[in-house]
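Just below is one structure, and these are the notes that go with it.
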Amino acid sequence: MASEEQQPVKTICPYCGVGCGIQVNPGEEPGDMRFMPWGEAPVNEGKICIKGGAATQVVNHEDRLTDPLIKEDGEFREATWEEAYELIVSEMERIREEYGPDAMGFYGSSKTMNEENYLLQKLARRYGTNNVDNCTRMCHASTVWALRTSLGAGAMTNSMADLREEADVFWIHGANPGEQHPIANSVYFRQAVLEGATVIQVDPHANKTTRSFKIDETDRHMHLQVEPGTDIPLLNVVIKTILEKHEENPEEGWIDEAFIEERTEGFDHLKETLDGFDKEAAAEECGVSLEDIELAAEKYASADSAAIFTGMGMSQHACGVDNVQNEINLALITGNLGRPGTGVNPLRGQNNVQGTCDVGAMPNVLPGYQLVDDDEARKSVEEVWGFDVPAEPGLTNVEISHEFGESVKGLYVMGENPVMSEPDSNDVAERIQELEFIVAQDIFMTETAKYADVILPATTWAERGGTVTNTDRRVQRMRPVAKVHENTKHDLEIVSEIGTRLFGEDGGFDFEDPEEVFEELRLVCPSYHGMTYEALGEEGIQWPCYEEGDEGDQYLYEEHFDTESGLGHIEGVSHTPPAETPDEEYPLILTTARLEEHYNTGTMSRRSPTLNRQHPENFVDIHPNDAERYGIEDGEQVTIRSRRGEITVEAQVTEDIKEGSIWTTPHFAAASANRLTNDVLDERAKIPEYKAAAAEIEVGIEPTDDAPADD
Ligand SMILES: Nc1nc2c(c(=O)[nH]1)N[C@H]1C(S)=C(S)[C@@H](COP(=O)(O)OP(=O)(O)OC[C@H]3O[C@@H](n4cnc5c(=O)[nH]c(N)nc54)[C@H](O)[C@@H]3O)O[C@H]1N2
Ligand SMILES: Nc1nc2c(c(=O)[nH]1)N[C@H]1C(S)=C(S)[C@@H](COP(=O)(O)OP(=O)(O)OC[C@H]3O[C@@H](n4cnc5c(=O)[nH]c(N)nc54)[C@H](O)[C@@H]3O)O[C@H]1N2
Ligand code: SF4
Ligand SMILES: [Mo]
């Protein structure tokens with residue numbers, strides 16, 4: 001019979017932001033952990049996708065980092081923790097003395113817990129810099145910017161549960177929940193569609209989301225196959241159609257006049273922006289028929305409750321903030337905000353990207369999105385911390401990376417893999433070598449860790465406790481199952497030790513356990529103020545939770561928006577094409593996105609036998625007409641080139657991708673999309689343009705306009 005310690009442990013899946021509850025069965029030995037369903041889990045009701053089921057496979061993988069490593073004469077050698085800590089502390093002190101605190105950059109990790117990221121950003125700030133960021137910058141930074149500026153909070157306005165119950169239309173724009181948030185898609189959205197809701201998907205690529213909604217022969221599922229980077233003209237056609245129809249028939253309720261009047265500002269600006277806007281030309285530009293866009297507009301505007309889902313296809317552009325602002329415009333003019341079943345909803349990416357941002361691991365905000373340059377907010381945090389925080393926002397992670405070897409001399413990376421995940425990665429790999437000192441804290445030897453001076457072996461998700469915050473703002477507890485490698489340490493323990501060595505026992509880093517850190521976090525993060533570990537229990541709590549006993553909100557902005565005026569901000573936007581558009585040399589548009597069974601830079605999913613089975617290597621999707629022009633056969637190896645690099649992958653000839661565009665993934669180190677992508681940034685949110693670059697494809701013969709010769 002199982003002893004008490006061998007009872008299954010309830011915790012949260014370590015992959016995506018849906019936040020599914022799972023159980024882990026400890027097994028006989030620490031490395032024998034096995035997945036078990038958790039029937040009553042609050043988010044997923046016991047359902048699980050392929051990644052959740054395979055999550056334990058990485059815990060005891062043979063490639064795990066098991067001991068600290070220090071680089072000497074270009075080679076890593078095993079070191080003691082004492083040696084590693086001493087080196088880190090002395091190098092961090094040297095860098096601050098020689099160059100000042102802004103010469104260090106800190107990357108937090110959305111794969112780690114709230115408490116760990118809270119402590120890492122506190123470490124950066126105590127060190128004297130706001131140069132701390134996390135992968136949200138490469139992810140939903142633009143969405144968060146637009147939502148925060150125009151509505152108040154940088155998070156989903158609604159939650160999966162109210163959307164399932166109430167939404168009549170799901171407008172899924174540049175997001176692929178069928179693969180990236182599979183349980184949100186199957187348990188929530190598909191269920192709503194089975195019960196009669198309509199789906200409009202805007203994406204250059206057909207995928208499992210598209211296929212999951214082909215439920216019947218009606219037109220309740222539309223796929224607008226937009227050309228990458230032309231989402232502003234597409235939404236402007238939608239908005240213009242709605243405005244015109246309202247002019248023609250004001251009584252039909254195409255727009256919500258009362259809502260616009262009472263709850264928004266800026267409507268006139270939107271109308272002015274679209275004065276003289278040519279719908280036909282715009283539809284042509286985005287490669288979708290005007291009739292289809294008009295029909296989609298009608299479906300959205302005539303729904304009682306319509307919800308927008310916004311993903312990387314919108315955010316990862318140099319015009320990412322404008323893209324999302326236009327979605328906000330559409331929702332505000334139709335009154336689709338502040339009610340169940342509506343809103344503008346980013347499905348957050350990593351298991352804890354929402355929480356990592358909430359706890360302040362960003363260069364411009366402190367915990368709870370309090371601006372560092374707001375004197376009053378900063379002082380309130382300083383009072384709890386007992387030290388001064390620099391008042392100037394710091395550098396974002398891609399900016400830190402652009403400064404490697406220039407103003408930035410040292411880097412502390414906890415659980416990120418920027419050498420593979422950042423755009424133009426060949427150049428990142430060159431630049432990172434200009435740094436004087438790098439610490440990498442990870443569970444595996446990554447492409448980034450290879451350049452480190454010290455590597456710290458962290459425990460995995462199943463070995464420690466803490467809290468994570470999912471895409472609908474639900475803060476949930478993760479619980480430890482068992483530790484697998486004796487000489488690894490929890491991220492919290494590591495950051496706590498480094499902080500204490502740098503700043504002394506009274507320096508604010510000496511904590512017993514994650515709960516003690518959470519107690520401090522509550523004091524400085526208003527939206528978590530009412531939470532305790534006990535109250536979180538097994539259900540978790542959705543923020544905002546200002547006072548103990550608050551149940552949190554399923555949806556935001558019922559009464560007012562959290563902007564200074566209390567109004568939702570409408571602002572017309574005009575098309576800015578991607579920084580690179582096709583030309584003679586690079587005639588195709590390259591876009592990049594994800595697969596269901598792989599995860600970001602693949603450090604975990606590629607080591608999982610179950611997950612690595614279907615796609616062990618990268619590939620590129622190319623339209624049959626383009627394949628014919630280039631003489632490419634399905635399954636053939638092709639070289640894709642951009643101005644920054646090249647990769648060789650297998651071609652999949654498929655109508656899934658729009659003609660003129662090609663589609664590949666960032667999951668595979670040997671042929672990663674990021675050797676090709678452009679590191680141009682959105683001016684405000686600083687997110688890179690992963691979703692559009694000019695590219696060329698080659699099989700050894702020149703492309704011609706004639707039909708290709710057969711083999
Ligand atoms: N299986 C799996 N799940 C994941 C992840 C993973 O790697 N694997 N990663 C997690 C993370 S970190 C994140 S951020 C989320 C991301 O989840 P999603 O937001 O769904 O991200 P992507 O798959 O990168 O891109 C979404 C869609 O954008 C489309 N697209 C590309 N260019 C454009 C464009 O210009 N316009 C429009 N309208 N669409 C475009 C792509 O074809 C793709 O279908 O997923 C999370 N979940
Ligand atoms: N071309 C292209 N590039 C992209 C994107 C795209 O759509 N296209 N998407 C971007 C997006 S949305 C994102 S979020 C970024 C992701 O970029 P990254 O965050 O750099 O990528 P991950 O692979 O998720 O890296 C997480 C790291 O954390 C480590 N890790 C896992 N668990 C733990 C732990 O418990 N402790 C510690 N210390 N480490 C741990 C993993 O081994 C891994 O090295 O990639 C971006 N890059
Ligand atoms: S949907 Fe996301 S959180 Fe749920 S099991 Fe799959 S990867 Fe894990
Ligand atoms: Mo992400």
Side-chain angles (χ1 to χ4, degrees), residues 12-22 35 37-38 41 43-44 47-55 110-111 134-141 143 160 172-188 201-210 223-232 234-235 286 288 309-317 319-320 323 327 346-353 421 468 470-471 476 578 589-602 604-605 611 621 656-658 661 663-667 673 687 689-693:
I12 306 298
C13 168
Y15 280 107
C16 90
V18 176
C20 296
I22 58 175
F35 160 79
W38 171 6
V43 174
N44 51 314
K47 313 275 192 316
I48 206 76
C49 82
I50 187 173
K51 290 182 298 303
S110 300
K111 292 245 80 64
N134 76 88
C135 73
T136 190
R137 189 66 47 201
M138 307 182 265
C139 185
H140 266 304
T143 319
M160 291 180 277
I172 302 179
H173 205 136
N176 177 12
E179 302 188 61
Q180 313 324 333
H181 302 89
I183 295 299
N185 200 62
S186 62
V187 174
Y188 292 88
Q201 186 191 7
V202 188
D203 200 306
H205 192 240
N207 46 38
K208 289 185 189 166
T209 301
T210 327
H223 178 197
L224 308 183
Q225 207 172 15
V226 66
E227 182 159 298
T230 61
D231 298 279
I232 291 174
L234 187 138
L235 279 180
C286 47
V288 183
F309 295 85
T310 186
M312 298 299 102
M314 289 300 261
S315 65
Q316 292 173 333
H317 282 287
C319 61
N323 273 342
E327 296 178 304
L347 288 165
R348 299 308 302 267
Q350 301 249 32
N351 57 328
N352 196 33
V353 63
S421 58
V468 287
N470 84 339
T471 188
Q476 304 191 91
I589 309 171
L590 165 81
T591 191
T592 65
R594 301 164 151 73
L595 295 170
E596 178 170 15
E597 65 288 347
H598 279 302
Y599 198 85
N600 290 358
T601 68
M604 293 163 70
S605 59
L611 299 181
D621 278 0
D656 280 354
I657 184 66
K658 192 168 188 68
S661 298
W663 186 103
T664 189
T665 88
H667 304 304
I687 193 170
E689 191 150 71
Y690 291 115
K691 293 291 192 255

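Atoms within a ligand are numbered from 1 in the order they appear, just like the ligands themselves. Treat the numbers as computed from the prediction; the structure is a model and nothing was measured.
Atoms of ligand 1 lying under 4.0 Å from at least one heavy atom of Gly311, given by number and element, are 19 (O). Counting the atoms of ligand 1 from 1 in the order shown, those under 4.0 Å from a heavy atom of Asn176 are 20 (O), 26 (C), 44 (O). Here is the list of ligand 1 atoms found below 4.0 Å of a heavy atom in Leu595: 1 (N), 2 (C), 8 (N). Within ligand 3, the atoms closer than 4.0 Å to a non-hydrogen atom of Tyr15 are 7 (S), numbered from 1 in the order shown. Of all the atoms in ligand 1, the ones that sit under 4.0 Å from a non-hydrogen atom of Cys139 are 14 (S). Atoms of ligand 1 lying under 4.0 Å from at least one heavy atom of Val202, given by number and element, are 38 (N). In summary, the atoms of ligand 3 found under 4.0 Å from a heavy atom of Ile48, numbered by their order in the structure, are 5 (S). The atoms of ligand 1 that sit less than 4.0 Å from any heavy atom of Gln350 are 12 (S). Residue-ligand proximity, Ile183 to ligand 3, at heavy-atom distances under 4.0 Å covers atoms 1 (S), 4 (Fe). Near Gly52, meaning under 4.0 Å from one of its heavy atoms, ligand 3 places the atoms 5 (S). Annotation for ligand 3: atoms under 4.0 Å from non-hydrogen atoms of Gly19 are 3 (S). Those atoms of ligand 1 with a heavy atom of His181 less than 4.0 angstrom away are 15 (C), 17 (O), 45 (O). With ligand atoms numbered from 1 in the order given, ligand 1 contributes 42 (O) to contacts under 4.0 Å with heavy atoms of His205.
The shortest side-chain heavy-atom distance between Asn185 and Lys208 does not fall under the 4.5 Å cut-off. Residues Ile589 and Glu227 meet the side-chain proximity criterion, which asks for heavy atoms closer than 4.5 Å. Under the 4.5 Å side-chain criterion, counting only non-hydrogen atoms from C-beta, Tyr599 is in contact with Lys51. Contact of the His205 side chain with the Thr591 side chain is not registered, since no non-hydrogen atoms from C-beta on lie closer than 4.5 Å. You'll find the side chain of His173 reaches within 4.5 Å of the side chain of Leu235, heavy atoms only. Looking at heavy atoms from C-beta onward, Thr664 lies in side-chain contact with Leu590 at the 4.5 angstrom threshold. Proximity of Ile232 to Asn323: side-chain heavy atoms (C-beta onward) are separated by under 4.5 Å at one or more points. A 4.5 Å side-chain heavy-atom check between Val202 and Met314 finds every atom pair outside the cut-off.
The residue from Asp231, Asp621, Thr601, Thr210 that puts a heavy atom closest to atom 37 (C) of ligand 1 is Asp231. Checking Pro346, Ala593, Gly174 against atom 26 (C) of ligand 1, the nearest heavy atom belongs to Gly174.
For the pair Thr136 (side chain) and Val353 (backbone), a donor-acceptor distance under 3.5 Å is absent. Side chain of His317 to backbone of Pro228: no donor-acceptor contact under 3.5 angstrom is found. Proximity of a side-chain donor or acceptor of Gln316 to a complementary backbone N or O of Met138 within less than 3.5 Å is detected. Side-chain atoms of Tyr690 do not come within 3.5 Å of backbone N or O of Ser315 as any donor-acceptor pair. Between the side chain of Thr471 and the backbone N or O of Pro346, at least one donor-acceptor pair lies under 3.5 Å.
At a 4.0 Å heavy-atom cut-off, ligand 1 does not touch Arg348 at all. At a 4.0 Å heavy-atom cut-off, ligand 1 touches His598 through the backbone alone.
Atom 4 (Fe) of ligand 3 has an N, O or S atom of Cys20 under 2.8 Å away, backbone or side chain.
Using bins of under 30°, 30° to 60° and over 60° for the plane-to-plane angle, the ring pair His598/His667 lands in the tilted bin.
At least one N/O-N/O distance between Gly229 and ligand 1 falls below 3.5 Å. The shortest N or O to N or O distance between Glu596 and ligand 1 is under 3.5 Å. When only interatomic distances are considered, the shortest N/O to N/O separation between Pro204 and ligand 1 does not fall below 3.5 Å. Here's the thing with Glu597: none of its N/O atoms is less than 3.5 angstrom from an N/O atom of ligand 1. Checked by distance only, ligand 1 and Thr230 stay at 3.5 Å or farther apart across all their nitrogen or oxygen atoms. At a 3.5 angstrom cut-off on N or O pairs, Asp203 counts as close to ligand 1.
Nearest protein heavy-atom contact of atom 2 (Fe) of ligand 3 is Cys16 SG, 2.3 Å. Ranking the protein heavy atoms by distance from atom 3 (N) of ligand 1 puts Gln180 OE1, 3.0 Å first. Protein heavy atom closest to atom 8 (Fe) of ligand 3, with residue, atom name and distance, is Cys13 SG, 2.3 Å. Looking only at heavy atoms of the protein, atom 6 (Fe) of ligand 3 is closest to Cys49 SG, 2.3 Å.
Residue-ligand proximity: Lys51 is placed with a non-hydrogen atom under 4.0 Å from ligand 1. Proximity of Asn44 to ligand 3 is not established, as no heavy-atom distance is less than 4.0 Å. At least one heavy atom of His667 sits under 4.0 Å from some atom of ligand 1. In this structure, Tyr15 falls outside the shell of residues with a heavy atom less than 4.0 angstrom from ligand 1.
Here the closest heavy-atom approach between residue His181 and residue Arg348 is recorded as NE2-O, 2.9 Å. Residues Gly313 and Asp231 come closest through the heavy atom pair O-OD2, 3.9 Å. Looking at every heavy atom in both residues, Cys286 comes nearest to Thr230 through CB-OG1, 3.0 Å.
Side chains of Glu596 and Asn207: no donor on one and acceptor on the other come within 3.5 Å.
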